[in-house]
Amino acid sequence: MAGKSILVVDDEEKISRLLEIELEMEGYRVARAGNGSDALEMYRTGGWDLVLLDIMLPGMSGIELLRRIRAQDADTPVILLTAKGSVEDKVSGLDLGANDYMTKPFIIEELLARIRATLRLRTSNYSDAIPEQWLTAADLKVNGGTREVFRGSDEIVLTPREFDLLVYLLKNKRRVLNREQIMEAVWGYDYYGETNVVDVYIRYIRKKIDYGREFELIHTIRGVGYVLKDSK
């Protein structure tokens, strides 16, 4: 991942500087911003491979900055830095399209691993899929090239991580997948987070593609994991 550019947005000088040093030692190119307004200007003028974004910022909050980024860019990975216990902020951030989050105080090795996993997923973009090819299951259609998702005639908007998870389920439809398999494929083998993040994202996807439908596609196999079925 050497040479990738990362924008660090954090108003705590010690943390921001520590991140800059650690990331540069890993070979990344780093720039720092201490508030949301400066970060937005820097984001718009540079081609960033990833944004590390603290939620608690003076002036424009991290959540508002994320909203503005996602209004024009659905692809640049964003990892949120959150305060311990700020569940509402984490949920809001994930709903707005954040790819991941880290709770402060964090272990730098874990953050570096999550950055590597996030960048690796962006680079690969499921390279085994043929661009513009539609993946289907019942009345669900997903285009790996354009990232369009339809359930019947309804277009569905997914966050980048939700899309990656749904594509993985579709590529393995009718196959029961345990949480560890899903975690490794979608979050990366060196992701150190809890496997319950899989359950959280499965719930997000179900809410968007299954709830209120006559036929549900994603099923829980109790004690094992999940399976996407294209028929009853």
Judged by atom type as modelled, is there a donor-acceptor pair below 3.5 Å linking the side chain of Asn143 to the main-chain atoms of Thr146?
yes
Of all heavy-atom pairs linking Met42 and Ala31, the shortest is CE-CB, 3.6 Å
For the pair His219 and Phe215, name the ring-plane relationship: parallel under 30°, tilted 30 to 60°, perpendicular over 60°.
tilted
Sub-4.5 Å side-chain heavy-atom contact between Arg206 and Glu216
no
Do the non-hydrogen side-chain atoms of Tyr168 and Leu177 ever get within less than 4.5 Å of each other?
yes
What's the shortest heavy-atom distance between Leu119 and Asp49, and which atoms?
CD2-O, 3.4 Å
Under a 4.0 Å N-O cut-off, is there an ion pair linking Arg147 with Asp164?
yes
Would the number of heavy atoms belonging to other residues, nucleotides or ligands and lying under 6.0 Å from CE of Met56 be above 12?
no
Check whether any side-chain heavy atom of Leu111 sits under 4.5 Å from a side-chain heavy atom of Leu52, and report yes or no.
yes
Lys/Arg-Asp/Glu bridge criterion (N-O < 4.0 Å) met for Arg213, Asp154:
yes
Identify the two heavy atoms, one from Asp11 and one from Gly34, that lie closest to each other, and give their separation to 0.1 Å.
CB-O, 3.2 Å
Does any N or O in the side chain of Glu22 come within less than 3.5 Å of the main-chain N or O of Leu19, such that one atom is a donor and the other an acceptor?
no
At what distance, to the nearest 0.5 angstrom, does CD of Glu184 lie from CG of Asn178?
10.0 Å
So how far is it from Ile79 CD1 to Asn99 CG, rounded to the nearest 0.5 Å?
7.0 Å
Spell out, as yes or no, whether a donor-acceptor pair under 3.5 Å connects the side chain of Thr82 to the backbone of Ile55.
no
Heavy-atom side-chain proximity of Tyr28 to Ile115 below 4.5 angstrom:
yes
Value for CZ (Arg151) from NZ (Lys141), rounded to nearest 0.5 Å, stands at 13.5 Å
Suppose we screen for side chain to side chain contact (heavy atoms under 4.5 Å, CB included). Which residues come up paired with Glu12, at least two apart in sequence or across chains?
Asp10, Ile15, Lys104
Taking the side chain as everything from C-beta on, heavy atoms only, tell me whether Tyr204 gets closer than 4.5 Å to Leu165.
no
Closest non-hydrogen atoms of Val198 and Arg179, given as atom of the first, atom of the second and distance, are CG2-O, 3.9 Å
Contact between Val142 and Leu158 at the side-chain level, heavy atoms closer than 4.5 Å - yes or no?
no
Taking salt bridge (charged side-chain N to carboxylate O under 4.0 Å, His left out) as the definition, give me every residue that meets it alongside Glu20, ordered by chain and number, with sequence neighbours left out.
Arg17, Arg32
State, yes or no, whether a side-chain contact exists between Val78 and Arg70 at a heavy-atom distance under 4.5 Å.
yes
Check whether any side-chain heavy atom of Ile63 sits under 4.5 Å from a side-chain heavy atom of Leu96, and report yes or no.
yes
If you measure only the distance, is there a donor-acceptor pair under 3.5 Å linking the side chains of Asp38 and Asn35?
yes
